[in-house]
Amino acid sequence: MTVHYSVLIVIIGLFFIQDISCKKHTIKDDPSDPPSMDEAYLIIHNTNNSNGVTLYGNQVECEGCDLKRLMVVASNKSASRIIDTKYAYDLELRLSSSNSSLLCQFASYKFAENGTYVFSIMQNTSTNIMCSIEQIGTLSYYWTPAILGIITVILYTVLVQLWHHLHCRRHFNHFYTIIFHSQATDDNLNIRTLSSLENIQQEAINASNNRTRRALPKRLRSLDTFRGFSLMVMIFVNYGGGGYWFFDHSTWNGLTLADLVFPWFTWMMGVSVVLSQRSLLAKNVRKRNILLKICQRTAILFLLGLSEQGHLIKLTNMRIEGVLQRLATCYFFTAILVLVFERKENNQQETIQLSIDNNIEQSFRTELYKSIIQYWIQWLLVILVVTVWILLTFLVPIPNCPTGYIGPGGRHNHGKYWNCTGGAAGYIDRLILGTSHLYNDPTCKEIYSTKIPYDPEGLLGNLTGILLCYLGAQAGHSFIHSTRVHRVCIQWIISGIICGCFGLGLSQGGHSDSWIPINKNLWSLTFVFTLASLAFIVLTILYLLVDVRQWFTGAPFLWLGMNSIAIYMCHGLFGVSFPVQLDVDDSHAQQLAMNLYGSLFWSFIAGIMYYKKVFIAI
């Protein structure tokens, strides 16, 4: 491993040139201000009605919440306000003199960004009220920046592939000219002899290629590509995701793009655990030394996670749990589990010879036994961990909260369980860690108006995180024990289908009112199974494209995947400084352009590190 510290010093130095503070998007209540990003202008005309009215509304994202008062309009008057457009609204119009008198209602009405809406109230008779909402004026091009951003990433990837192809071809031509042309000149080889030699060489290459098609690669470049893609999405999301709600984390239940990447990292870590340990054992590294390496890496990851907080804080207010802390915890338990119950005697044959020798082929039944059944003790312990999560989540009594409650608290369920955010998960964190060591701004805080801290990377979620990490280890076991490419793919696809069935079955198709909803904040069992299912499928596709067919080199995502921890730490510590980010206006176009630029900037830095052979591992 070569590390050019001078390059790193220059790069890090750039980040301290200038600190740029980012604007925070706020909702304006002053109707004289024009609507900004994720805002619309709502006008209520009550000119044909002799009674005062009140408009109540609730964003549908706030499940089971009571409607809030939005506007009060006197008789024969008009009123206006700025309204949020991220989510649809349930609207009800009632008489101001009697809130129980419902005049009209609209279900799941979606306001478009920067639109102007006229809510007209007309009284036909003394008892008949008619309501209508009409959109006037010009809307913003809400989806255009997102579409252009996706096209930009695709074009960037294509250009990198073309550059890689031309770069390799240039080096090959240079090598061919030096070796073969000079050899022909110096040795005065005739054309016939040279042609015969080329034919022999071509036959050897073809024979080698035939063997390579049936052999499994020694390193999964597709895994590095998958890791790098996840990291690029994570950086983009952390920078703001262009201000789009679907590039942000879910409010409570459900899935968005931002919810995918962190669990995928956990799953991929499980794959890497198996591959790295098999490699070390094949080199006759003692298990005691591997155990020391596991402890060392766990400690480094945990400390890096604590340092992510970035500013001077008191120990009494330090957030203990976090992204890297969860990775460290899941890695530690999975790595220990794999190490303790790993057999050493067949490592060298299975990891090196078995997948290369054409004469060695196992039956599919034998491979399934070696991939799954022989690890039954590991599976038993993982199932025990999952059982503990289920028992704690649904059976632990919580003061002033119903047993088994897994909602966001606050306004949820008509405000009955205001201080029950996260149910048992939140209660255990507050009991063991204390409220001062928890994350104080969960994603449910704004919508549900929660008052107590809740940490989405809390203690209880580590249990299902271990399951997710071990499902990744299962993918690694399938890879190292298979002798044919199609068998690896079959095992991964079947594993993905099984996990998907568990995830969708327990969540009843992804509904919030299911047995176990898909929930990133809780790292619920269904969330873990669903994300593992997607990970199995994605890795299968990348494995065929990158490692088997070699239609895709993996770049630029491969660059990020080879230095994932270093790039992740740098983007968090130095990512709001010039030249990575600049202050821009509150518009999706400018926000997305700047956030996407930051992601591509770090991929470029990772590319420099990759070609300079700067690989920073822990």
Side-chain angles (χ1 to χ4, degrees), residues 23-47 49 53-73 77-94 102-122 129-147 240-254 256-258 411 443-449 512 585-592:
K23 288 184 179 180
K24 291 185 178 180
H25 176 60
T26 57
I27 304 298
K28 302 183 290 290
D29 291 325
D30 187 355
S32 63
D33 293 331
S36 183
M37 184 173 69
D38 291 326
E39 293 177 352
Y41 195 52
L42 177 62
I43 304 171
I44 294 184
H45 287 319
N46 192 29
T47 55
N49 184 20
V53 295
T54 302
L55 179 66
Y56 291 86
N58 174 61
Q59 291 177 309
V60 296
E61 188 72 6
C62 191
E63 299 176 354
C65 299
D66 292 329
L67 276 67
K68 295 192 299 185
R69 187 174 64 181
L70 300 180
M71 300 173 64
V72 178
V73 187
K77 297 291 184 179
S78 296
S80 62
R81 67 161 290 167
I82 298 293
I83 193 166
D84 187 275
T85 63
K86 278 189 177 181
Y87 307 106
Y89 278 83
D90 289 328
L91 299 172
E92 290 186 2
L93 188 70
R94 303 172 185 171
L102 179 64
L103 301 179
C104 56
Q105 61 182 355
F106 296 86
S108 300
Y109 190 90
K110 185 69 170 68
F111 296 96
E113 184 184 69
N114 294 161
T116 300
Y117 292 83
V118 177
F119 193 127
S120 300
I121 306 167
M122 294 169 289
I129 298 292
M130 294 185 63
C131 304
S132 65
I133 300 179
E134 180 184 3
Q135 185 270 319
I136 61 175
T138 304
L139 302 177
S140 67
Y141 298 97
Y142 182 78
W143 294 100
T144 302
I147 295 172
Y244 287 99
W245 66 267
F246 46 82
F247 288 145
D248 198 359
H249 291 292
S250 301
T251 303
W252 192 249
N253 296 323
T256 64
L257 179 65
R411 296 174 58 213
T443 55
C444 61
K445 184 175 182 177
E446 180 181 355
I447 296 295
Y448 288 96
S449 302
S512 295
D585 294 335
D586 277 341
S587 71
H588 286 297
Q590 295 191 40
Q591 294 270 351
L592 186 137

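Source: prediction; values computed, not measured.
- Tyr41 and Ser80 form a side-chain donor-acceptor contact under 3.5 Å, judged by distance and modelled atom types alone.
- Considering SG of Cys62 and CD of Glu446, their distance stands at 11.0 Å, rounded to 0.5 Å.
- With rounding to the nearest 0.5 angstrom, the OH atom of Tyr117 is 14.5 Å from the CD1 atom of Ile44.
- Between Lys110 and Thr85 the shortest heavy-atom distance is NZ-O, 2.5 Å.
- By the 4.5 Å heavy-atom criterion applied to side chains, Tyr142 and Asp38 are counted as neighbours.
- With Gln590 contributing its side chain and Leu592 its backbone, the two residues share no donor-acceptor pair below 3.5 Å.
- Ser587 approaches Met37 most closely through the heavy-atom pair C-SD, 3.6 Å.
- For Phe246, the CZ atom is densely surrounded, since the number of other residues' heavy atoms within 6.0 Å is greater than 12.
- Nearest heavy atoms, Glu63 versus Ser512: OE2-OG, 2.9 Å.
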Steps toward side-chain contact (heavy atoms from CB on, under 4.5 Å) verdict (Leu42, Thr116): CA-CA 6 Å; Leu42 177 62; Thr116 300; over 6 Å; no

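- Put simply, the side chain of Arg81 never gets that close to the backbone of Ile43: no donor and acceptor are under 3.5 Å apart.
- When only modelled atom types and interatomic distance are considered, His249 and Thr443 share no side-chain donor-acceptor pair under 3.5 Å.
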One pair to check against side-chain contact (heavy atoms from CB on, under 4.5 Å): Thr54 and Met71. What are the steps and the verdict? CA-CA 6 Å; Thr54 302; Met71 300 173 64; over 6 Å; no

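- We find the CE-CG distance between Met130 and Leu103 to be 13.0 Å, quoted to the nearest 0.5 Å.
- Contact of the Gln591 side chain with the Asp586 side chain is registered, since non-hydrogen atoms from C-beta on lie closer than 4.5 Å.
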Could you walk me through whether Ile83 and Glu39 pass side-chain contact (heavy atoms from CB on, under 4.5 Å), step by step? CA-CA 6 Å; Ile83 193 166; Glu39 293 177 352; over 6 Å; no

Could you go through Phe111 and Tyr109, starting from their C-alpha distance and side-chain angles, then the distance that decides it, and tell me whether this counts as ring pair (Phe, Tyr, Trp, His ring centres under 6.0 Å)? CA-CA 7 Å; Phe111 296 96; Tyr109 190 90; 5.0 Å; yes

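- At least one side-chain heavy atom of Glu92 sits under 4.5 Å from a side-chain heavy atom of Leu102.
- Arg411 CZ to Lys68 NZ: the interatomic distance, rounded to the nearest 0.5 Å, is 4.5 Å.
- To the nearest 0.5 Å, the span separating CD on Gln59 from OH on Tyr87 amounts to 7.5 Å.
- When side chains are defined from C-beta on, Val53 counts as touching Leu93, because their heavy atoms get closer than 4.5 Å.
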Assess whether side-chain contact (heavy atoms from CB on, under 4.5 Å) is satisfied between His45 and Ile121, documenting all intermediate values. CA-CA 6 Å; His45 287 319; Ile121 306 167; over 6 Å; no

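- Closest heavy-atom contact between Cys131 and Phe119: CB-CE2, 3.9 Å.
- To the nearest 0.5 Å, atoms OG1 (Thr144) and NE2 (His588) are separated by 11.5 Å.
- For the pair Lys77 and Val73, the tightest heavy-atom approach, listed with the atom from each and the gap, is O-CG1, 3.5 Å.
- With a 4.5 Å cut-off on side-chain heavy atoms, Asn58 and Asp66 do not count as touching.
- Between Asn114 and Ser140, the closest heavy-atom pair is OD1-CB, 3.3 Å.
- At least one side-chain heavy atom of Asp90 sits less than 4.5 Å from a side-chain heavy atom of Ser108.
- Counting only heavy atoms from C-beta outward, the side chains of Val118 and Ile133 never approach each other to under 4.5 Å.
- In this pair, Trp143 and Tyr244 present their aromatic rings parallel. The plane angle is below 30°, not in the 30 to 60° band.
- At least one side-chain heavy atom of Thr251 sits under 4.5 Å from a side-chain heavy atom of Tyr448.
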